[in-house]
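Structure first, commentary second.
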Amino acid sequence: MKLAILSRAPGIYSTQRLKTAALDRGHEVKVLDTLRFAIDLSRPQPDLMYRGKLLSEYDAVLPRIGASITFYGLAVVRQFEQMDVYTPNTAAGIANSRDKLRAIQILSRHDIRMPPTMFVRDKADVLPAIEEVGGAPVVIKLLEGTQGIGVILAPDTKVAEAVIETLQSTRQNVLIQRFVKESKGRDIRAFVIGDRVVAAMRRKAVGDEFRSNVHRGGTTEPVELDEDYQRVAVRAAQIMGLRVAGVDMLESDEGPSVMEVNSSPGLEGIETATGLDIAGAIIDYVASQVAFPELDVRERLTVSTGYRVAELHLREGSTLIGQTIEDSGLRERDITVLTLTRGITVIPNPKGTRVLEAEDRLLCFGKMDTMIHLVPERRRRRARPEVQPLPDHPLQETPS
Ligand SMILES: Nc1ncnc2c1ncn2[C@@H]1O[C@H](COP(=O)(O)OP(=O)(O)O)[C@@H](O)[C@H]1O
Ligand SMILES: [Mg+2]
């Protein structure tokens, strides 16, 4: 394949290792400076200029986007996606991971355990929020910190309030999070590639520091992860939309507790700790996926007028419970079941013979008009409109 590694730092360990691994495997590879791209929006087809010249064709791109250039970096990655160039981490996935609040909002929807967290703005809501997550000591985090900068442990409520007030007065948004004491300054970094954890290490903070980041002097050791830690790490990466990710978890009394998912995880720490060829594994994975550039399903499927992707939650009492997908009549109503989620398992392309159970969630693609009748009444009820409703027909009819 012909691979572009997007990096501002061609000389650093991670970039060097990725480049060497690609060359060793006989691929053509270039390290390109993310900030030297110009996004050309003047042509009918999406294009990119690099150092003033039209970019040649690439099969895949491996973005290594530093936090300081997130905005521009995301625009460049998004442009590669529009050009159907494969990337293991999409712009949307990277954006999800960069903002700690956004990441938690997305993950919490999917039963991923995280330290209890609150996001507040008004001064009056700070104290109740601290109580809600379990009281002091409490962790305060800037939304876009990395390398442990912007993560503060407040020993008591007074300090917590003062810190939050100070940060907010400089227009910084902060999260209030339960301090997971039992992790004792340790955390787990699971390196996820595709659908599996390829390596993991435990990081330990030095002295009385509670942040275990390597940049804060944390030490590392390889670790063999239990199956539940592996499953949580892979699921968290998948939910975020990342195929190469460093998932950080605390070892809480209840099990793995996800703190964050990194979209450009460093290679030096994990390769040194485990002795494993992570760079090679990334390159092999990218090469195996080149034929499948990531598509934005929403962008592709919802442009069919009148059709939607919707999730049908089979609550107690639903007439579909106990029926097979075949006999449910969904297909006749022009509704296709894309996936079936049962507990934490996702069954892609479920067979027609599968019997539906209460609490199943069906991800469906179909006619809006038909699907609306499958959503229970309670969820559909809305306040009476006070303005004139729109006419039934779309303003501009498109032929179906
Ligand atoms: N809720 C928490 N309880 C205990 N330790 C934490 C908590 N949140 C973060 N830490 C420690 O602080 C470190 C940095 O936090 P993290 O959210 O990963 O920020 P960063 O993006 O700066 O790495 C973690 O690796 C962990 O050691
Ligand atoms: Mg971290």
Side-chain angles (χ1 to χ4, degrees), residues 14 65-68 70 94-108 112-119 129-155 159-160 163-164 167 172-192 200-221 223 229 232-233 236-237 240 242 244-270 273:
S14 298
I65 309 291
S68 60
T70 298
I94 300 168
N96 288 344
S97 72
R98 277 298 144 79
D99 176 334
K100 290 186 202 288
L101 173 63
R102 185 165 168 177
I104 292 174
Q105 285 179 306
I106 295 169
L107 292 176
S108 67
I112 297 283
R113 191 183 304 108
M114 288 169 295
T117 306
M118 295 286 286
F119 183 56
I130 294 173
E131 290 311 313
E132 180 66 27
V133 302
V138 73
V139 174
I140 299 162
K141 291 188 185 183
L142 291 180
L143 291 197
E144 297 192 0
T146 58
Q147 305 180 348
I149 302 160
V151 178
I152 299 150
L153 179 60
V159 174
V163 168
I164 292 167
L167 291 171
Q172 311 236 44
N173 282 312
V174 296
L175 295 176
I176 300 168
Q177 191 168 76
R178 171 179 297 172
F179 175 49
V180 181
K181 289 181 206 58
E182 63 266 28
S183 79
K184 300 190 193 78
R186 298 175 311 177
D187 75 353
I188 298 284
R189 158 64 59 97
F191 207 104
V192 175
M201 62 182 175
R202 183 179 283 120
R203 301 180 296 196
K204 285 184 189 159
V206 282
D208 52 9
E209 174 62 65
F210 79 104
R211 297 166 298 178
S212 52
N213 301 66
V214 177
H215 286 93
R216 304 264 73 76
T219 58
T220 60
E221 63 183 33
V223 60
Y229 276 78
V232 166
M240 299 295 284
L242 300 169
V244 173
V247 181
D248 294 348
M249 296 172 280
L250 291 167
E251 295 166 278
S252 84
D253 287 343
E254 291 87 37
S257 186
V258 173
M259 273 182 306
E260 63 168 350
V261 183
N262 295 277
S263 52
S264 294
L267 298 184
E268 189 164 12
I270 191 92

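Indexing begins at 1, ligand by ligand and atom by atom, following the structure's order.
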Checklist outcome for this item: The closest protein heavy-atom partner of atom 9 (C) of ligand 1 is M259 SD, 3.2 Å
Next on the checklist: Under 4.0 Å from a heavy atom of G148: which atoms of ligand 1 are those, numbered in the order shown and with their elements?
Outcome noted: 20 (P), 22 (O), 23 (O)
Item to check | Distance-minimising heavy-atom pair for T146 and A67 | outcome: CG2-CB, 4.0 Å
Checklist entry - Quick one: do E209 and R216 make a salt bridge, cutoff under 4.0 Å? => result no
Next on the checklist: So for R186, does at least one of its heavy atoms come nearer than 4.0 angstrom to any atom of ligand 1?
Outcome noted: no
Item to check | Close-contact set for ligand 1 against S212 heavy atoms, below 4.0 Å | outcome: 25 (O), 26 (C), 27 (O)
Checklist entry - Which pair of non-hydrogen atoms, one from S97 and one from L242, has the smallest distance, and what is that distance? => result CB-CD1, 4.0 Å
Item to check | For atom 25 (O) of ligand 1, closest protein heavy-atom neighbour | outcome: D187 OD2, 2.7 Å
Checklist entry - Is it true that E144 and K100 make a salt bridge, defined as a side-chain N closer than 4.0 Å to a carboxylate O? => result no
Checklist entry - Can an N or O of Q147 be found at a distance shorter than 3.5 Å from an N or O of ligand 1? => result yes
Checklist entry - In the protein, which heavy atom is nearest to atom 12 (O) of ligand 1, and how far is it? => result R211 CG, 3.4 Å
Next on the checklist: Can you report which non-hydrogen protein atom sits closest to atom 14 (C) of ligand 1, along with the distance?
Outcome noted: N213 OD1, 3.1 Å
Checklist entry - Nearest to the Mg ion (ligand 2), which N, O or S atom of E260 do we find? => result OE2
Checklist entry - Salt-bridged, R203 to D248, with N to O below 4.0 Å? => result yes
Checklist entry - Counting each atom of ligand 1 from 1 as listed, which ones have a heavy atom of K141 under 4.0 Å away? => result 8 (N), 9 (C), 16 (P), 17 (O)
Next on the checklist: Out of all atoms in ligand 1, which are within 4.0 Å of some heavy atom of V139? Include the element for each.
Outcome noted: 1 (N), 2 (C)
Checklist entry - Can any side-chain N or O of R113 pair as donor or acceptor with the backbone N or O of P256 at less than 3.5 Å? => result yes
Item to check | Heavy atom of the protein closest to atom 18 (O) of ligand 1 (residue, atom name, distance) | outcome: E260 OE2, 2.8 Å
Next on the checklist: Which residue and atom name correspond to the protein heavy atom nearest atom 21 (O) of ligand 1, and how close is it?
Outcome noted: K100 NZ, 2.6 Å
Checklist outcome for this item: Per-atom filter on ligand 1: closer than 4.0 angstrom to a heavy atom of F179 are 3 (N), 4 (C)
Checklist entry - When you measure from atom 7 (C) of ligand 1 to each heavy atom in V180, I188, L250, N262, which option holds the nearest one? => result L250
Next on the checklist: Any donor-acceptor pair under 3.5 Å linking the side-chain atoms of S257 with those of S252?
Outcome noted: no
Checklist entry - I188 and Y229: which non-hydrogen atoms are nearest, and at how many Å? => result CG1-CE2, 4.5 Å
Item to check | Distance-only polar pair, side chains of S183 and E251, donor-acceptor under 3.5 Å | outcome: no
Checklist entry - What closest approach, in Å, do R189 and I270 show between heavy atoms, and which atom pair accounts for it? => result O-CD1, 4.2 Å
Item to check | Contact check, side chains of F179 and V138, non-hydrogen atoms, under 4.5 Å | outcome: no
Item to check | For R178, atoms of ligand 1 separated by under 4.0 Å from a heavy atom | outcome: 1 (N), 2 (C), 3 (N)
Checklist outcome for this item: The protein heavy atom nearest to atom 15 (O) of ligand 1 is V151 CG2, 3.7 Å
Checklist entry - In terms of residue, atom name and distance, what is the protein heavy atom nearest to atom 5 (N) of ligand 1? => result F210 CD1, 3.8 Å
